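Right, one structure below, let's go through it.
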Number of protein chains: 2
Amino acid sequence: MKPEHVTNEVYRFFTEVGIINQLISTKLEAFLPGRMTATQFGILGHLVRRPEGETPLQLSNAFQVPKTSMTHMLSSLESHALITLEANPNDKRSKIARSTPRGAEFLQACMDRMSTALGPVMSELGPEPFHETLPNLTLIREALDSERD
Amino acid sequence: MKPEHVTNEVYRFFTEVGIINQLISTKLEAFLPGRMTATQFGILGHLVRRPEGETPLQLSNAFQVPKTSMTHMLSSLESHALITLEANPNDKRSKIARSTPRGAEFLQACMDRMSTALGPVMSELGPEPFHETLPNLTLIREALDSERD
DNA sequence: CTCCAATAGTGCGATATCGTACTAATTTAA
DNA sequence: TTAAATTAGTACGATATCGCACTATTGGAG
């Protein structure tokens, strides 16, 4: 084993992840209104798939952003009427964020436009690189996630 | 073929990439002084590996951030004496960013601390997930990169 | 029950990001 | 050789991000 070589590969892995994230966020954000963020869009998708809703804290854990940032993002989404923020009946300190029908519609419309925009790249690459990579990415994400203090 | 299934997998791919990026940036930024960013750190690494230096525009292309953001990041790095910004002899509109010895030292020190911090995760995962994934990530990054207008 | 430590969310202030519009230099074309 | 179009970088302003400190609430130990 060459530990230096391994470290280098890990470093390049994270670099590629960073650049891909940057590329795809920029592309997505071009379709989003105003200064709406790729992360905000991700949150909306998360909520659409969970009709029972989630608390801000659950969301900030899921997306690994500080609580303070989540407050800001959620109020932005709320101001666009894409989600609602209600009091949590089980805990008066807490809230529940839920997507609205308008939010679900909006998500679908953006996803469609994004699919169209990615069409050329997708047909060039085919589904394999994504399919092959996904399990390892999940593995790495889970390991990093469980390691954090 | 199920196009819906494929789209879903691509979506999850980008979601995982986003979260991994978030996790690793947060972890790295905990080791960096002040509000220094993971991207800024990436730029420094890029320059250390290229002693001839690069122009701000080359860097903003490589890291896919707007020119304006690059200006800010470079002046921040310069204020920490980790890089220098000189006039470009070939083009008076342009500049050349180069890493300083101090920058290279700093990079090494942070990388070392980062390796230590990642030790447990790395030995849990082993090098394979990174090694297996890297070629596909590069492929996807290049395809996305060449598609942009 | 009474305290006290832990927890959910937010206000505030500092800094980062990035779109727009600009200047200066370079290239192109006539 | 000019004049127009393009290009590199930045100033500025609007907004996003996030650390710190705070309040309200909860849960647990005595």
Side-chain angles (χ1 to χ4, degrees), chain A residues 18 21-23 25-44 53-80 83-98 148-149, chain B residues 18 21-23 25-44 53-80 83-98 148-149:
Chain A
N21 184 59
Q22 195 69 33
L23 281 161
S25 300
T26 303
K27 201 153 193 131
L28 175 58
E29 281 161 15
F31 291 129
L32 299 179
R35 300 269 272 137
M36 183 175 179
T37 280
T39 306
Q40 288 179 28
F41 187 76
I43 291 163
L44 180 59
E54 292 216 333
T55 68
L57 190 60
Q58 287 177 311
L59 290 168
S60 68
N61 284 329
F63 288 89
Q64 285 304 296
V65 299
K67 287 191 302 178
T68 320
S69 310
M70 189 51 64
T71 298
H72 179 82
M73 291 173 184
L74 290 178
S75 59
S76 168
L77 287 170
E78 191 190 26
S79 77
H80 291 279
I83 67 165
T84 57
L85 275 173
E86 301 160 37
N88 186 338
N90 303 323
D91 186 340
K92 284 178 195 156
R93 293 169 303 181
S94 180
K95 297 189 174 176
I96 304 261
R98 265 183 256 269
R148 103 195 115 87
D149 312 326
Chain B
N21 184 60
Q22 194 70 33
L23 282 160
S25 300
T26 303
K27 201 154 194 132
L28 174 57
E29 280 161 17
F31 291 129
L32 299 179
R35 300 268 273 137
M36 182 174 178
T37 279
T39 306
Q40 288 179 29
F41 188 74
I43 292 164
L44 180 59
E54 292 214 335
T55 68
L57 190 59
Q58 286 177 313
L59 290 168
S60 70
N61 285 329
F63 287 89
Q64 284 304 295
V65 299
K67 288 190 302 178
T68 321
S69 310
M70 190 51 63
T71 299
H72 180 83
M73 291 174 183
L74 291 178
S75 60
S76 168
L77 288 170
E78 189 190 26
S79 77
H80 290 280
I83 66 164
T84 57
L85 275 172
E86 302 160 36
N88 186 338
N90 304 323
D91 185 340
K92 284 177 194 156
R93 293 169 303 181
S94 180
K95 298 190 173 175
I96 304 261
R98 265 181 256 271
R148 104 194 113 88
D149 313 326

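A quick note: this is a predicted structure, and the numbers were derived from the prediction, not measured.
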Please identify each residue that fulfils side-chain contact (heavy atoms from CB on, under 4.5 Å) with A:Glu78, with sequence neighbours left out. A:Ile83, A:Leu85

What residues, two or more places apart in sequence or in another chain, satisfy side-chain hydrogen bond (donor to acceptor under 3.5 Å, both in side chains) together with B:Ser94? B:Asn88

Taking the nucleotide of DNA chain D with the closest heavy atom to each, which residue, A:Val65 or A:Asn90, is nearer the 5' end? A:Val65

Sorted by chain and number, sequence neighbours left out, side-chain contact (heavy atoms from CB on, under 4.5 Å) with B:Glu54 holds for B:His46, B:Leu47, B:Arg50, B:Gln58, B:Leu59

Any residue of residues 72-80 of chain B with a heavy atom less than 4.0 Å from an atom of DNA chain D: none

According to side-chain contact (heavy atoms from CB on, under 4.5 Å), who are the partners of A:Thr71, at least two apart in sequence or on a separate chain? none

According to the salt bridge (charged side-chain N to carboxylate O under 4.0 Å, His left out) rule, which pairs have a member within residues 55-66 of chain A, sequence neighbours left out? none

Does B:Thr37 have a side-chain nitrogen or oxygen under 4.0 Å from the phosphate oxygens OP1 or OP2 of C:dT17? yes

Residues two or more places apart in sequence or in another chain: which of them pass side-chain contact (heavy atoms from CB on, under 4.5 Å) with A:Gln40? A:Met36, A:Thr37, A:Met73, A:Ser76, A:Leu77

Quick tally for nucleotides 2-11 of chain D: nucleotides whose base has a protein heavy atom under 4.0 Å get B, sugar-phosphate-only ones S, the rest -, giving -----BSBBB

Can you list every pair that meets salt bridge (charged side-chain N to carboxylate O under 4.0 Å, His left out) and has a residue in residues 57-66 of chain A, with sequence neighbours left out? none

Okay, side chain of B:Glu29, backbone of B:Ala38: is any donor-acceptor separation there less than 3.5 Å? yes

